[in-house]
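Below is one structure, written out as structure tokens; the observations come after it.
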Amino acid sequence: MEREQLNKRFGLPGVVAFGAGPGGLTQATITTAGGTATVLLHGAHVTGYRPTGQEPVLWMSEGSWFAPGKPVRGGVPVCFPWFGSTGPAADSPHHGFARLVQWRVESVRGDADQATIVLTIASDDHTRQLWPREFELRHTVTVGEALSMSLDVRNTGAEAFTITEALHSYFAVSDIRDVAVTGLEGAEYIDTVGEATRLRQGDGPIRFESETDRAYVNTGAPCVLDDPGMGRRITVAKSGSLSTVVWNPWSAKAARMPDYGGDEWPGMVCIETANIHDNAVNVAPGEAHTMDARIRVG
Ligand code: TA6
């Protein structure tokens, strides 16, 4: 649907407007008293969130691609129907296809205090080639005092299916070497730097001294990102999610990524709301599953 039609049908004057975003991709800009956010129809990708009076909460690489069929490096990629390289084929797209396709606007609602956009995709000939299952996927993004995201999958086919998924949130930080993540104390995790190893988080916070790529499992706990350099704490709460991924590529891996500016790695950390590994989700025909993330400063 063209932007003019989107504004006519879904625009909320002064609150939700559709326009050309980076790379000319259609983007919803959501402006409320509590904060602003931007969401691409490409991948239903939240590219920015800035609470009023605060620095941007989400990180975006200067080297990110913004093109149909390409992943965006930053914001909140939607990883579905698989996480990482666990797709059905050797050439399955990393982190699934949901972040690579154009989503449709289903609805917009709200007011100057809080606004919600609902985006959706469903199985079609393209997705069936990648994953022979029937589904509807709905991403509900609410902006106000917090950024709330709700990823709802419904099995519209006759066969049960199992998914892994993530809201792969990239957070802006002063310097990765000075931040700490709490909330995962005592949780079991799979360290995927080098050979995958199962370990257990001690009773202290997660601190970062090198490439870090950990999938914490069987935990519904909220996380707190403590960033003294920016003088803020960011809380990542969740429901319907039993995995949390914590990632920073560090310098060497960052330098190898074509869509990641080489010297940007100190400025970000991913805290991803997920269901992966032990926490893969089985959805019976006609059933649905919802995973929620709620991000706020403080
Ligand atoms: O969430 C961590 C991770 O799985 C890392 O291993 C790294 O691959 C990252 O996701 C980014 O993946 P992408 O496909 O977006 O480059």
Side-chain angles (χ1 to χ4, degrees), residues 22-23 40 42-47 58-101 130-131 149 151 163-173 176 181 184 187 189-199 201 206 208 210-217 219 223 225 236 238 241-262 264-265 267-280 291 293 295:
L40 294 173
H42 169 67
H45 198 115
V46 178
T47 49
L58 300 179
W59 177 88
M60 180 63 68
S61 171
E62 290 164 9
S64 180
W65 297 312
F66 291 100
K70 289 268 196 185
V72 172
R73 175 71 62 200
V76 184
V78 174
C79 302
F80 176 93
W82 56 79
F83 184 85
S85 306
T86 59
D91 63 348
S92 294
H94 199 245
H95 287 330
F97 52 74
R99 65 175 179 167
L100 306 177
V101 298
L130 297 167
W131 189 55
M149 297 172 285
L151 190 66
I163 60 160
T164 52
E165 58 183 351
L167 292 169
H168 192 299
S169 305
Y170 285 77
F171 293 95
V173 297
I176 188 68
V181 174
L184 295 168
Y189 67 93
I190 296 131
D191 186 330
T192 58
V193 177
E195 190 176 339
T197 312
R198 270 192 187 252
L199 299 164
Q201 180 66 26
I206 303 167
F208 303 85
S210 61
E211 179 184 351
T212 304
D213 196 345
R214 300 178 182 179
Y216 289 82
V217 292
T219 172
C223 288
L225 170 58
V236 184
K238 62 179 190 173
S241 159
L242 287 177
S243 316
T244 297
V245 179
V246 178
W247 179 57
N248 180 285
W250 224 253
S251 52
K253 182 164 186 177
R256 293 196 298 270
M257 294 192 287
D259 60 337
Y260 193 116
E264 292 180 310
W265 59 272
M268 57 72 65
V269 66
C270 282
I271 301 175
E272 306 161 34
T273 304
N275 284 302
I276 59 175
H277 296 294
D278 313 20
N279 306 129
M291 175 172 73
I295 294 167

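Counting starts at 1 for both ligands and their atoms, following the listed order.
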Over 60° means perpendicular and under 30° means parallel, so classify the ring planes of W247 and H168, tilted if in between. perpendicular
Would you call the rings of W265 and W250 parallel, tilted or perpendicular, taking 30° and 60° as the class edges? tilted
Atom pairs and distances, side-chain donor-acceptor, residues 65-76, under 3.5 Å, sequence neighbours left out:
residue: R73; atom: NE; partner: D259; partner atom: OD1; Å: 3.4
residue: R73; atom: NE; partner: D259; partner atom: OD2; Å: 3.2
residue: R73; atom: NH1; partner: Y170; partner atom: OH; Å: 2.8
residue: R73; atom: NH2; partner: D259; partner atom: OD1; Å: 3.1
residue: R73; atom: NH2; partner: D259; partner atom: OD2; Å: 3.3

Nearest-0.5 Å distance that lies between atom CE in M291 and atom OG1 in T273: 6.5 Å
Kindly assign one of parallel, tilted or perpendicular to the pair Y189 and Y216, based on the angle between their ring planes and the thresholds 30° and 60°. tilted
What's the separation between atom OG1 in T212 and atom NZ in K253, rounded to the nearest 0.5 Å? 11.0 Å
Can you give me a line-by-line list of nitrogen or oxygen pairs between ligand 1 and the protein shorter than 3.5 Å?
residue: ligand 1; atom: 1 (O); partner: H168; partner atom: NE2; Å: 3.0
residue: ligand 1; atom: 1 (O); partner: E272; partner atom: OE1; Å: 2.8
residue: ligand 1; atom: 1 (O); partner: E272; partner atom: OE2; Å: 2.7
residue: ligand 1; atom: 6 (O); partner: D213; partner atom: OD2; Å: 2.6
residue: ligand 1; atom: 10 (O); partner: H95; partner atom: NE2; Å: 3.0
residue: ligand 1; atom: 10 (O); partner: H168; partner atom: NE2; Å: 3.1
residue: ligand 1; atom: 12 (O); partner: H95; partner atom: NE2; Å: 3.3
residue: ligand 1; atom: 14 (O); partner: H94; partner atom: ND1; Å: 2.5
residue: ligand 1; atom: 14 (O); partner: R99; partner atom: NH2; Å: 2.8
residue: ligand 1; atom: 15 (O); partner: R73; partner atom: NH1; Å: 3.2
residue: ligand 1; atom: 15 (O); partner: R99; partner atom: NH1; Å: 2.9
residue: ligand 1; atom: 16 (O); partner: R73; partner atom: NH1; Å: 3.1
residue: ligand 1; atom: 16 (O); partner: R73; partner atom: NH2; Å: 2.8

